[in-house]
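What follows is a single structure, written as structure tokens, with notes after it.
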There are 2 protein chains.
Amino acid sequence: MKARLLKIGFRDVKQDVFKRIRSSEWGPGALLPGEVDLAAEYGCARTTVNRAMQELSDDGIIERRRKGGSRVRLAPSRQVTFEIPRVRAEIEAKGADYCYELLSSAVVKAPRWLEVRLAVPNATRVRHVESLHYADGAPFQFEDRWINLSAVPRAEGADFAALSPNEWLVSEVPYTTAEVRFSATGASGSIATNLKTMSGAPIFLTERTTWLAEAPVTYVRLYFASGYQMIARY
Amino acid sequence: MKARLLKIGFRDVKQDVFKRIRSSEWGPGALLPGEVDLAAEYGCARTTVNRAMQELSDDGIIERRRKGGSRVRLAPSRQVTFEIPRVRAEIEAKGADYCYELLSSAVVKAPRWLEVRLAVPNATRVRHVESLHYADGAPFQFEDRWINLSAVPRAEGADFAALSPNEWLVSEVPYTTAEVRFSATGASGSIATNLKTMSGAPIFLTERTTWLAEAPVTYVRLYFASGYQMIARY
DNA sequence: AAGTGGTCTAGACCACGAC
DNA sequence: TCGTGGTCTAGACCACTTC
């Protein structure tokens, strides 16, 4: 029995309950004590226990049901969470020099596949921008972006030679929702040339589609130079 | 002015504040009203506002400081969160048949590179297991796993022909912490053969290192068949 | 020194869902 | 039906930071 010099906080409760789960005091599927009981045991308010348990639930450690109580998850479905990397920040965080180059820019009618992806009407005008991001002078990421001009008309006149589309959009259209897809692909001709790798070399690809409250804003393909790794902890 | 039939909840506050940020009522960097003021405005308790703001902070929309107040983030650093994919669940979720095959298993001394990765002493014994996961009869994922026997002695006698190492570990050693790395690589000989792709084909690779309270448990490389995508929303 | 967010409390009511 | 978690409240004290 340990002396309780300080008040019990929700972090203490969370940590202790987690420890007891790890130590097999409560095995997978086991029913945990109710919030009222835990509050009595820890000598704190039920609200405090509630917050602790809520976080354990968010973390995928336990499952909670009204009337059913809280149970240790059978197959803990942990979640990874990591920040969406902004290229510039990502490069500068490594201590490397960031540099950006605009390769091409044109206003066109959206090709069919893009119409489908963004769910925009036929003949929607989009701005297509290709650019390259360097780390310490070496190609780091090739960016192939399409911006929906009916959602962001001001993008038509933006100077993407001065400011990358990425940063322009962040400053102009923040607080969007997005879908991200990660995959591996082979470096096709122009991409291989730009990233200075062999044709067919394995490339880490990020695709992102972005909406501003229902309105499709942009679709972008980010091709990373060889050796790129995305890292997360949980 | 809308009629307020129901009590204001933290979700309402969160959503409304977010809407006001998106509508540029509060631009990037702007100082938001204090919790007390917002509580008065919404006609609810400060605790309710606090929870809403806390979540907006977690979501990367705003930044909060004691005494400094809450501000809209200049560069919203949104976070992606997605579930750690369990192969079986992932395959069955697609409505495909899951099937598993053990390719090889051996107990050996950890090679040097693994010693370094897991930070284990020289001559640590590990179990090396190679296996293949099928979706509807087609190779889906090749698994190359190393298990630290000094951390999980029981793994030495486990029957990985019946149960995949993944599922065995989840049932035996749940609630671990982990580091995950995603990258693209080329299919080398044995991997190409097993995944039935051409040698050199781009492969999506997941590497995961797992600890149980400081003790390194396992390191695994997961090679996915061509066309695999990892998807997340935020 | 003072103001703002961070957290705890004790009590209350409600909604879901197992029984 | 009724127990359990979900949420709100009103009030309080504390801790961090800016002033």
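Computation of the quantities below employed the complete heavy-atom set of this structure, encompassing side-chain atoms and omitting hydrogens, waters and symmetry-equivalent molecules. Throughout, protein chains are lettered first and strands after them, A, B, ... in sequence-line order, and every chain is numbered starting at 1.
Straight-line distance from the CZ atom of A:Phe10 to the P atom of C:dT9: 12 Å, rounded to whole Å. In this entry the distance linking CG of B:Leu32 with P of C:dT4 reads 13 Å, nearest Å. Between the P atom of D:dT4 and the CD atom of A:Glu63 lies a distance of 18 Å, rounded to the nearest Å. Note: CG (B:Leu38) to P (C:dT4) measures 12 Å, nearest angstrom. Rounding to whole angstrom units, CD of residue B:Glu35 and C1' of D:dA10 are separated by 15 Å. One can place CZ of B:Arg71 at 14 Å from C1' of C:dG3, the figure rounded to the nearest angstrom. A straight line from CD of B:Glu55 to P of C:dG5 spans 17 Å, rounded to a whole angstrom. One atom, NZ of B:Lys7, and another, C1' of D:dA10, lie 12 Å apart when rounded to the nearest Å.
Between C:dA10 and A:Thr47, no contact under 4.0 Å exists linking OP1 or OP2 to a side-chain N or O. In this structure, B:Asn50 does not reach the C:dG5 phosphate: none of its side-chain N or O atoms is under 4.0 Å from OP1 or OP2. Between A:Arg51 and C:dT7, a side-chain N or O to OP1/OP2 separation shorter than 4.0 Å is present. Under 4.0 angstrom from either OP1 or OP2 of D:dG11 there lies no side-chain N or O belonging to B:Arg46. At D:dT4, none of the side-chain N or O atoms of A:Ser70 fall inside 4.0 Å of OP1 or OP2 (strictly under the cut-off). In this structure, A:Arg11 reaches the C:dT7 phosphate: one of its side-chain N or O atoms is under 4.0 Å from OP1 or OP2. Look at B:Arg65 and you'll find a side-chain N or O under 4.0 angstrom from OP1 or OP2 of D:dT18. Using a 4.0 Å cut-off, some side-chain N or O of A:Gln54 falls inside it from OP1 or OP2 of D:dG6.
Between A:Leu118 and the choices A:Thr124, A:Val217, A:Thr209, the side-chain contact (heavy atoms from CB on, under 4.5 Å) rule is met once, by A:Thr209.
Side-chain contact of B:Thr218 with B:Arg145: a donor-acceptor pair under 3.5 Å is present, judged by distance alone. At a cut-off of 3.5 Å, with distance as the only test, no side-chain donor of B:Ser164 or B:Asn166 sits close to an acceptor on the other residue.
When each of A:Gly68 and A:Ala45 is assigned the nucleotide of DNA chain C with its nearest heavy atom, A:Ala45 is the one assigned upstream, toward the 5' end. Between A:Thr48 and B:Lys67, the residue whose closest nucleotide on DNA chain C is further toward the 5' end is B:Lys67. The residue among B:Asp12 and A:Met53 whose nearest nucleotide of DNA chain D lies closer to the 5′ end is A:Met53.
Two rings, from B:Tyr228 and B:Phe204, have their centers less than 6.0 Å apart.
Atom CD of A:Gln15 has 12 or fewer heavy atoms from other residues, nucleotides or ligands within 6.0 Å.
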